[in-house]
Amino acid sequence: MADEILNGNTDSEASNFIRDLVRSDVAAGLRGGRVETRFPPEPNGYLHIGHVKAICLDFGIAEEFGGVCHLRMDDTNPTKENMEYVESIINDIHWLGFDWGKHLYFASDYFEKMYECAQTLIRKRLAYVCDLAPEAWEAYRGDLTNPGKEPPGRLRSVAENLDLFARMRAGEFEDGAMVLRARIDMASPNIHMRDPVIYRIRRVHHFRQGDKWCIYPMYDFAHPIEDAIERITHSFCTLEFEIHRPFYDWLLKSLDWPDPPVQTEFSRLNLNYTVMSKRKLLELVRDHHVSGWDDPRMPTVSGLRRRGVPASAMRNFCELVGVTKFNAVTDMAFFEHCVREELNRGASRYLAVLDPLKVVIENYPEGQVEYLDAVNNPENPAAGSRQVPFAREIYIERSDFMEEPVKGYFRLAPDREVRLRYGYFIRCTGVEKDAAGRITALRAVYDPETRGGNAPDGRKVKGTIHWVAIAAAVAGTARLYDRLFTVEAPGADGTDYLTQLNPDSLREAACWMEPALAALPVGETVQFERLGYFCKDRDSTAECAVFNRTVALKDSWAKKQAR
RNA sequence: AACCCCAUGGUGUAAUGGUAGCACAAAUGAUUUUGGUUCAUUUAGUCGAGGUUCGAAUCCUUGUGGGGUUGCCA
């Protein structure tokens, strides 16, 4: 602990280029020395773990430098946006533990102001109405290797442009008949500077503006204005917007905006064995490859929450993964590590058996039930202990018995002794099988002297296994999740990512649990000892508790076996 | 093909011209009433070639590799 402090490895404030940039801006007194950021999602889908990285950055930097972070719905394209998405975004960010106070904004609330900005541009001869069809425009645009050429619309007078633009707004023209373009440089090597479209005609009902507008601003035009109106100082976005930055700067300069915000780009989060694009996530939901946006296999915030991942684990993961401009792919194993680390500290332990094998303890009194003291969390003595019922007939995990044990196996085997967690030592005295030779039950004897798990004579056992008393057990279902895709980079090399879905990403198992688990509230994540972390799902009923496996425990024995 | 961005162990990231460090993963051992946890140890890196400098992961040139851009999406 002391070493960590000495080494400066207190992880919560690892240096990154954006933090350094903001620090130096503040030190230099740029933009009044203020720090004001924003997280600007388009409400056209649910938030995923990639967004969480941006959220942690935007809110984290603001908080660190004593500023505020706005939540702004970037709702400039009504075709894909709706209120359900807005609500899920708000809910998810709050759940993650961030708050924007009164600073919730909608880009669409600025439409009038944006319209005025467009008029200003027209008056400055920096924007014009273009009635070229998209295909016709291509001839003027040029391409990556060839410069574009002067489009005819550039010749229009200010008055005519003002008039046409007003009539675009008034709905005099068909969708797509004309657009408003910024007038910049048709020869620019950056195609986004070759007179980009800033307004298009689109007769679509807007979920907040209704049918007030039939023209909508493009992202390139809208975003800088949104940032500027809100007096954002630092506008962080992902790498693909890098090439838009010259336009961002050009626009605010053209509008003579004082002290304009500055855009800085960082690389988005990529995780292997999953997909992160909204298009693909939407497709998984729409075509029922998963049960919904909050399917526990989804990398969405709602999915991971339902899976049992704590918000703190997500935040910590995003902090540890860092912020750079390098196009990185983070190992899912690292995410799982962050989840386990958090849960190991906080999750209470319980006993549950997923693949039951009955054991009859022949020297234990028939009909007797006693209660054994079980520690709730060895990592946290304050979590206390509970009583677990024990009886003559119990279930153990089928994998905890081997009739002919392999080398290195130290669980139960004929004539071998193991410890029942929190209970007694038992010795296997017999194996019962059905006609097919499948083991149906085990006979065993227990040593009454070993109650609690220690032998007075000092003898040791190698294995400790979990169990539940059959008579007191509660029935439930465990949903065992595995990675959603079978390959590290779904969709790479032109392969259809849907063909790479993991057919075994969900396996349901009946499970037998100690009674305390029945009373657990929905949404709580606990550890099933020796198995993994499980989160009580909202599908639970009075008769059947449903648990989603968040992540399995590390299993060095299984790993060794696999080798 | 043109322009822009990027390149540090298998993965992610630090070192801001001065001892290449951390985490994950992997391996070994110790501890352990979870084959969990914890602890110790080990393996493993500055993309190549030139240059500047007393000194380069860092600056310059160049090559290579990866990513982005040719929506009236964001």
Side-chain angles (χ1 to χ4, degrees), chain A residues 4 7-9 11 14-17 20 40-42 44 74 76-77 79-81 130 133-134 137-138 141-148 175-181 188-192 194 196-202 215-216 218-220 222-223 237-246 265 267 272 278-279 320-338 340-341 344-345 349 351 374-375 378-379 408-411 419-423 425 452-454 460-466 527-532 552-561:
Chain A
E4 280 179 12
N7 296 335
N9 295 332
D11 71 23
S15 156
N16 67 53
F17 83 100
D20 293 347
E42 181 186 14
N44 67 345
D74 208 359
T76 57
N77 178 5
T79 56
K80 299 180 292 179
E81 301 157 359
C130 170
W137 169 254
E138 279 179 33
R141 185 202 58 210
D143 59 27
L144 293 176
T145 38
N146 302 299
D175 284 16
M178 48 187 71
V179 294
L180 187 69
R181 290 186 180 278
S188 171
N190 180 349
I191 291 185
H192 291 271
R194 317 236 269 234
V197 172
I198 57 178
Y199 264 95
R200 77 282 215 186
I201 305 172
R202 190 99 110 201
I215 57 172
Y216 291 97
M218 297 288 289
Y219 168 88
D220 275 338
H223 208 88
C237 63
T238 45
L239 246 29
E240 66 270 27
F241 293 102
E242 206 159 29
I243 200 152
H244 299 244
R245 179 158 27 101
E265 311 85 13
S267 67
N272 57 13
K278 270 192 191 170
R279 195 209 100 219
L320 291 175
V321 104
V323 180
T324 67
K325 291 171 88 84
F326 176 67
N327 216 295
V329 181
T330 298
D331 212 321
M332 188 61 92
F334 182 62
F335 178 70
E336 291 179 350
H337 159 77
C338 293
R340 286 196 193 97
E341 187 179 60
N344 176 51
R345 258 202 306 269
R349 272 65 167 169
L351 298 179
V375 171
E379 305 299 313
Y409 186 82
F410 46 77
R411 276 108 98 151
R419 170 168 40 233
L420 295 177
R421 181 82 160 142
Y422 308 120
F425 286 9
N454 287 304
K460 302 288 183 195
V461 288
K462 207 72 155 104
T464 301
I465 63 176
H466 59 278
Q527 184 189 107
F528 287 0
E529 292 212 42
R530 302 211 304 136
L531 294 175
L553 254 30
K554 282 206 241 172
D555 188 345
S556 56
W557 168 246
K559 193 188 289 177
K560 199 169 170 184
Q561 290 299 287

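Every chain is numbered from 1, with letters handed out A, B, ... down the list of sequences.
- Taking atom CG of A/Leu239 as the reference point, atom P of B/rG66 lies 17 Å away to the nearest angstrom.
- With the nearest nucleotide of RNA chain B identified for both A/Ser556 and A/Lys559, A/Lys559 has the one nearer the 5' end.
- A/Pro147 comes within 4.0 angstrom of nothing in the nucleic acid, heavy atoms only.
- Remark: ring of A/Tyr219 not stacked against base of B/rA74; the cut-offs of centroid gap under 5.5 Å and plane tilt under 30° are not jointly satisfied.
- A/Leu531 places its CG atom 14 Å from the P atom of B/rU34, with the value rounded to the nearest Å.
- Contact of A/Arg411 with B/rG35 (side chain to base): a donor-acceptor pair of N or O atoms is detected under 3.5 Å.
- Nucleotides B/rC72 and B/rG50 have their P atoms positioned 47 Å apart, rounded to a whole Å.
- Across all strands shown, A/Met178 has no heavy atoms under 4.0 Å from either base or sugar-phosphate atoms.
- A/Glu138 contributes no side-chain N or O that forms a donor-acceptor pair with the base of B/rU70 under 3.5 Å.
- Base contact: A/Gly408 has a heavy atom under 4.0 Å from a base atom.
- Both distances falling under 3.5 Å, in either a Watson-Crick or a G-U wobble arrangement, occur for no nucleotide opposite B/rU37.
- Residue A/Phe241 contributes atom CZ, which lies 18 Å from atom P of B/rC6 at whole-angstrom precision.
- Not one side-chain nitrogen or oxygen of A/Thr324 sits closer than 4.0 Å to the OP1 or OP2 atom of B/rG12.
- Searching all strands for a Watson-Crick or G-U wobble partner of B/rA26 with both distances below 3.5 Å returns B/rU42.
- The line from NE2 of A/His466 to OH of A/Tyr422 is 12.0 Å long, rounded to the nearest 0.5 Å.
- B/rU52 is unpaired under the Watson-Crick or G-U wobble criterion, no partner having all donor-acceptor distances under 3.5 Å.
- Nucleotides B/rU43 and B/rA23 have their P atoms positioned 15 Å apart, rounded to a whole Å.
- Rounded to whole Å, the separation between the C1' atoms of B/rU19 and B/rC60 comes to 26 Å.
- Taking only side-chain atoms of A/Tyr409, from C-beta outward, the nucleotide of B/rA1, B/rG35, B/rC3 with the closest atom is B/rG35.
- With a cut-off of 3.5 Å on both Watson-Crick or G-U wobble distances, the partner of B/rU32 is given as none.
- Looking at every heavy atom in both residues, A/Val323 comes nearest to A/Asn16 through O-CB, 3.6 Å.
- OP1 and OP2 of B/rC3 both lie 4.0 Å or more from every side-chain N or O belonging to A/Ser188.
- One can place OH of A/Tyr216 at 16 Å from C1' of B/rA74, the figure rounded to the nearest angstrom.
- Rounded to a whole angstrom, the distance from the P atom of B/rU11 to that of B/rG45 is 12 Å.
- Between A/Leu320 and A/Cys338, the closest heavy-atom pair is CD1-SG, 4.1 Å.
- Across the protein-nucleic acid pair, A/His337 atom NE2 and B/rG12 atom P stand 16 Å apart, rounded to whole Å.
- Regarding A/Arg419, its CZ atom lies at a distance of 15 Å from the P atom of B/rG36, rounded to whole Å.
- As rounded to the nearest Å, B/rU52 and B/rG71 have P atoms that lie 46 Å from one another.
- Between A/Glu379 atom CD and B/rU37 atom P the separation is 9 Å, expressed in whole Å.
- Between A/Tyr219 and A/His244, the angle of the ring planes goes over 60°, which puts this pair in the perpendicular group of the 30/60° scheme.
- Residue A/Phe326 places its side chain closer to B/rU8 than to any other of B/rA74, B/rU8, B/rU34.
- When each of A/Val179 and A/Asn16 is assigned the nucleotide of RNA chain B with its nearest heavy atom, A/Asn16 is the one assigned upstream, toward the 5' end.
- Under 4.0 angstrom from either OP1 or OP2 of B/rG67 there lies no side-chain N or O belonging to A/Lys325.
- Between the CD atom in A/Glu81 and the CG atom in A/Asn44 there is a gap of 6.5 Å [rounded to 0.5 Å].
- Between B/rA15 and A/Ser15, a contact under 4.0 Å exists linking OP1 or OP2 to a side-chain N or O.
- Contact annotation: A/Arg200 reaches the phosphate of B/rA74 (side-chain N/O to OP1 or OP2, under 4.0 Å).
- For A/Asn344, counting side-chain heavy atoms from C-beta on, the closest listed nucleotide (B/rC72, B/rG36, B/rA25) is B/rG36.
- Here, B/rU13 and B/rC6 have their P atoms 14 Å apart, quoted to the whole Å.
- Between B/rA7 and B/rC47, the two C1' atoms lie 7 Å apart (nearest whole Å).
- If you take CD1 on A/Ile243 and CD on A/Glu265, they are separated by 10.5 Å, rounding to the nearest 0.5 Å.
- The side chain of A/Arg530 lies closest to B/rG35 when the candidates are B/rG35, B/rC72, B/rA2.
- In this structure, the nucleotide among B/rU70, B/rC24, B/rA26 sitting nearest to the side chain of A/Arg141 is B/rU70.
- Which of B/rU34, B/rC73, B/rG12 sits closest to the side chain of A/Leu553 comes down to B/rU34.
- For the C1' atoms, the distance from B/rC3 to B/rU46 is 28 Å, rounded to whole Å.
- Among the protein residues, A/Gln527 comes within range of the nucleic acid bases, having at least one heavy atom under 4.0 Å from a base atom.
- Picking from B/rA2, B/rU13, B/rG36 the nucleotide with the shortest atom distance to the side chain of A/Ala328 gives B/rU13.
- When distances run from any side-chain atom of A/Leu144 to the nucleotides B/rU70, B/rU34, B/rA74, the shortest one goes to B/rU70.
- Closest non-hydrogen pair, A/Cys130 versus A/Arg181, comes out as SG-NE, 3.3 Å.
- Checked against B/rG68, B/rA23, B/rC72, the side chain of A/Ile243 finds its nearest nucleotide in B/rG68.
- In the set B/rC6, B/rA25, B/rC72, the nucleotide with an atom closest to the side chain of A/Lys554 is B/rA25.
- Annotated as anti: B/rG67, whose O4'-C1'-N torsion sits more than 90° from 0.
- Contact annotation for A/Val461: no contact, since no heavy-atom pair falls under 4.0 Å across all strands.
- Residue-to-nucleotide contacts include a donor-acceptor pair under 3.5 Å from the side chain of A/Arg349 to the base of B/rU34.
- From A/Lys554, atom NZ reaches atom CD of A/Glu336 across 11.0 Å, with rounding to the nearest 0.5 Å.
- Atom-to-atom distance recorded for A/Asn77:CG and A/Arg202:CZ is 5.0 Å, nearest 0.5 angstrom.
- Dashed line: the shortest gap from a side-chain N or O of A/Arg202 to OP1 or OP2 of B/rC72 is not under 4.0 Å.
- Nucleic acid contact for A/His466: none, since no nucleic acid atom lies under 4.0 Å from a heavy atom of the residue.
- Between A/Arg419 and A/Asn454 the shortest side-chain heavy-atom distance falls below 4.5 Å.
- Protein atom CZ of A/Phe334 is 11 Å distant from nucleotide atom P of B/rA23, rounded to whole Å.
- In a base pair of the Watson-Crick type (N1 to N3 plus N6-O4 or O6-N4) or a G-U wobble (N1-O2 and O6-N3), with each distance short of 3.5 Å, B/rG65 is matched with B/rC6.
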